[in-house]
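In what follows, a structure is listed as structure tokens, so that the remarks can point back to it.
Throughout, a chain's letter reflects where its sequence line sits, starting with A, and its residues are numbered from 1.
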Amino acid sequence: MPELKMPEPLHVVGRSVQRSDAAAHVTGRTRYAGDYTFPGMLHLRMVRSPVHHAMIRAVDLSRAERVPGFVRALTWRDVPHNVYTILGLIGVEPEEEFVLAQDRVRYKGEPIVAIVAETEAAALEAVAQVRLDLEELPAVFDVEEALQPDAPIVTHWGSNAFMFEGHPCRRVRFGDVEAGFAQADHIVEAVYNSSPIEHAPTETTGCVAVPEADGRFTVYTNTQALYFSLDNTAIILQVAGKRLHFVGGTVGGGFGGKVDVIVEPIATLAAMKTGRPVRYVFSRSEEMQVSSTRSAWRIRIRDGVMRDGRIVARKVTSYADSGAYSRQTPYALTKHAANAAGPYAIPNVSIDAYCVFTNRTPSSAMRGFGVTMASYAIEVQMDRIAERVGVDPWTIRFVNAYRNGDMKPHRKLAEDATLIETMQAAAALVGHELTDEQRAMTSAPRSPGPEGSPGGEAAAAGSRAAGAPASAGAPAAPASTAEGVL
Amino acid sequence: MGSRIVSFELCGREVEVLVSPMATLQSVLRSQLGYTGTKEGCRQGGCGSCTVLVDGEPMMSCLLPVEDVEGRRVTTIEGIAPVAGLAPIQQAFIEKNAFQCGYCTPGMVVLTKTLLDHHPSPSRDEIIDALGGNVCRCTGYAPIIEAIEAAAAGATTDAGRDAGDWPDPSGER
Ligand code: FES
Ligand code: FES
């Protein structure tokens, strides 16, 4: 048998290593998407809806076409597969976003006509000369109003709620939440709201699409999702993926705001139709108004809590404002539903998480989307519970924290729980004195019988047996009778 | 109004460009001269990513008609580094991890250059004040302020070291 050679010793893990792009960044030599220029490059600017919701009666391009430097206008008729959904790549349905608006606009700033011109100034002038004949429709901007029977319908299929496997919301059912409330000493209820948040990257979203001599198209883009963008562009343009070569990896700030596929398909289409390189880079105001935001959320939480701080029932009804189209928001709701009980062992949980369509700017990915706002709501709720029940806020969290082996409401076993250890470390760092019981706790799996100090461990152990009275020695097995849908 | 020729000194060399009326220095630098180190975060004076020096004073090039620099001395990020290697300010930005995406960095470095030219040892408050027009969405400013302090103190490990001399990730430091 040949002798196995030792691999090279590791030099990087555990060390600070100089970033390979550092010298280029400080000398201005990094090339971002918008820094590429090519001979004969055209500029694309978009005609956008000035209103939140309207039928498009007519679009008059005649004056725009006479602007010196005008090269071509693109409308929905030019887009081979105009109705798509970004997450179609992972099986999400239905296709519902219009690359260019057809008969209706659903949010302010929705693209209607792309203008390609010799200079940016000519493109902007031609955009200003396009005449839109719009019939404004009532618009809806609130997630709960959008779900009322008489609300204006935003989508093209007739419902303002995204359907999750036949349900108008992503659902989790665990234990018996009503029985939990009946048994509780306190009911703590609150509603948590958040506004949309714009990523506001310093570099705006953009790309340059270049036709190559071999019939392929090279697209220099600042997308955060290179192959995702390439695949969606191939679908929208109905071309083989091998005809597209996306060059990326240099992103001037993204934070989730550059994972949607907004500029590449239309710039590439314009390059195909004109045979020339096309630059499409958002202005700052486009970045702020039409690029996706973090969703606005409304989260209603109702908790049943025992005198000692154990949460025995939690009902969460959440609404994420998807804006006019789904983009990545349905996925956020699934993550949200899996996390809306927090890192806590609660025996009876019911979660309804709605992805709601309104006439606001489409929302999408942003750092931990779906989970971030759940964490915000839950942790404020934990403090609220502490105040109401008269228990120290640290204690509330220690008493309810997951242990390894606990079953989460969406039927995943907790396998890497570290909340207790993290809180212990955090307490040490901020100089907070923990009780002996809290110091002795670990995330180790609960044992079936009483363990550790009777107060902390056993009481918490009791809290996770579905619907069971808070007795030490409650069975540690998951609530196997609980019926759940995710 | 027709186009006209504007000449100025750009990073030590004379340039002459044919510009359309009211073209900004930023667009001429980026689109006509290929100096894309000057960035465009907003093109409305709100972010500082387009900062250049005109006769040593910081200006937002997106707000500056190129005619205004006729006969003047313009320094962009491309003119900050010595012929080989990095200026101490650039070194300091790297050592203090004063950037993530890097898009604000050229403007920050150019601004730091003029700040330290005028005030070789600025106070922290003076640094914060000087940075008022330059936006960084990624880094959180503290590392940028520390980099400027380090540059002012001459506290970078090896100022002016050749850019190619950075520790090889696969080797010893
Ligand atoms: S691009 Fe000039 S200040 Fe933002
Ligand atoms: S490093 Fe990204 S904007 Fe400053």
Check: Under a 4.5 Å heavy-atom cut-off, does chain B meet the side chain of A/Thr204, its backbone, both or neither?
Finding: side chain
Item checked: Heavy-atom contact with chain B under 4.5 Å, split by part of A/Arg19 -> side chain
Non-hydrogen atoms of [X] and [Y] that approach each other most closely:
X        : Y        : result
B/Pro106 : A/Gly28  : CG-CA, 4.1 Å
B/Cys138 : A/Phe255 : SG-CZ, 3.7 Å
A/Val26  : B/Ile77  : O-CD1, 3.3 Å
B/Cys101 : A/Gly252 : SG-C, 3.4 Å
B/Tyr103 : A/Tyr32  : N-OH, 3.3 Å
B/Arg137 : A/Glu198 : NH2-O, 3.0 Å

Note to self: Sort by residue number and list every residue of residues 31-43 of chain B having at least one heavy atom under 4.5 Å from chain A.
What the structure shows: B/Thr36, B/Gly37, B/Lys39, B/Glu40, B/Gly41, B/Cys42, B/Arg43
Item checked: Inter-chain contacts: residues 55-75 of chain B against chain A, heavy atoms under 4.5 Å -> none
Notebook entry, point to check: chain B: which of A/Pro201, A/Ala121, A/Ala22 shares the most heavy-atom pairs with it under 4.5 Å?
Noted result: A/Ala22
Next item on the list: Could you check which of A/His199, A/Glu287, A/Met288, A/Met41 has the highest count of heavy-atom pairs closer than 4.5 Å to chain B?
Entry: A/His199
Checklist line | Contacts of A/Glu118 that satisfy side chain to side chain donor-acceptor pair (under 3.5 Å) - sequence neighbours left out | finding: A/Arg276
Notebook entry, point to check: Once you round to the nearest 0.5 Å, how far does CD of A/Gln18 lie from CD of B/Glu95?
Noted result: 8.5 Å
Note to self: Which residues pass the ring-ring contact (aromatic ring centres under 6.0 Å, His included) test with A/Tyr36, not counting sequence neighbours?
What the structure shows: A/Tyr220
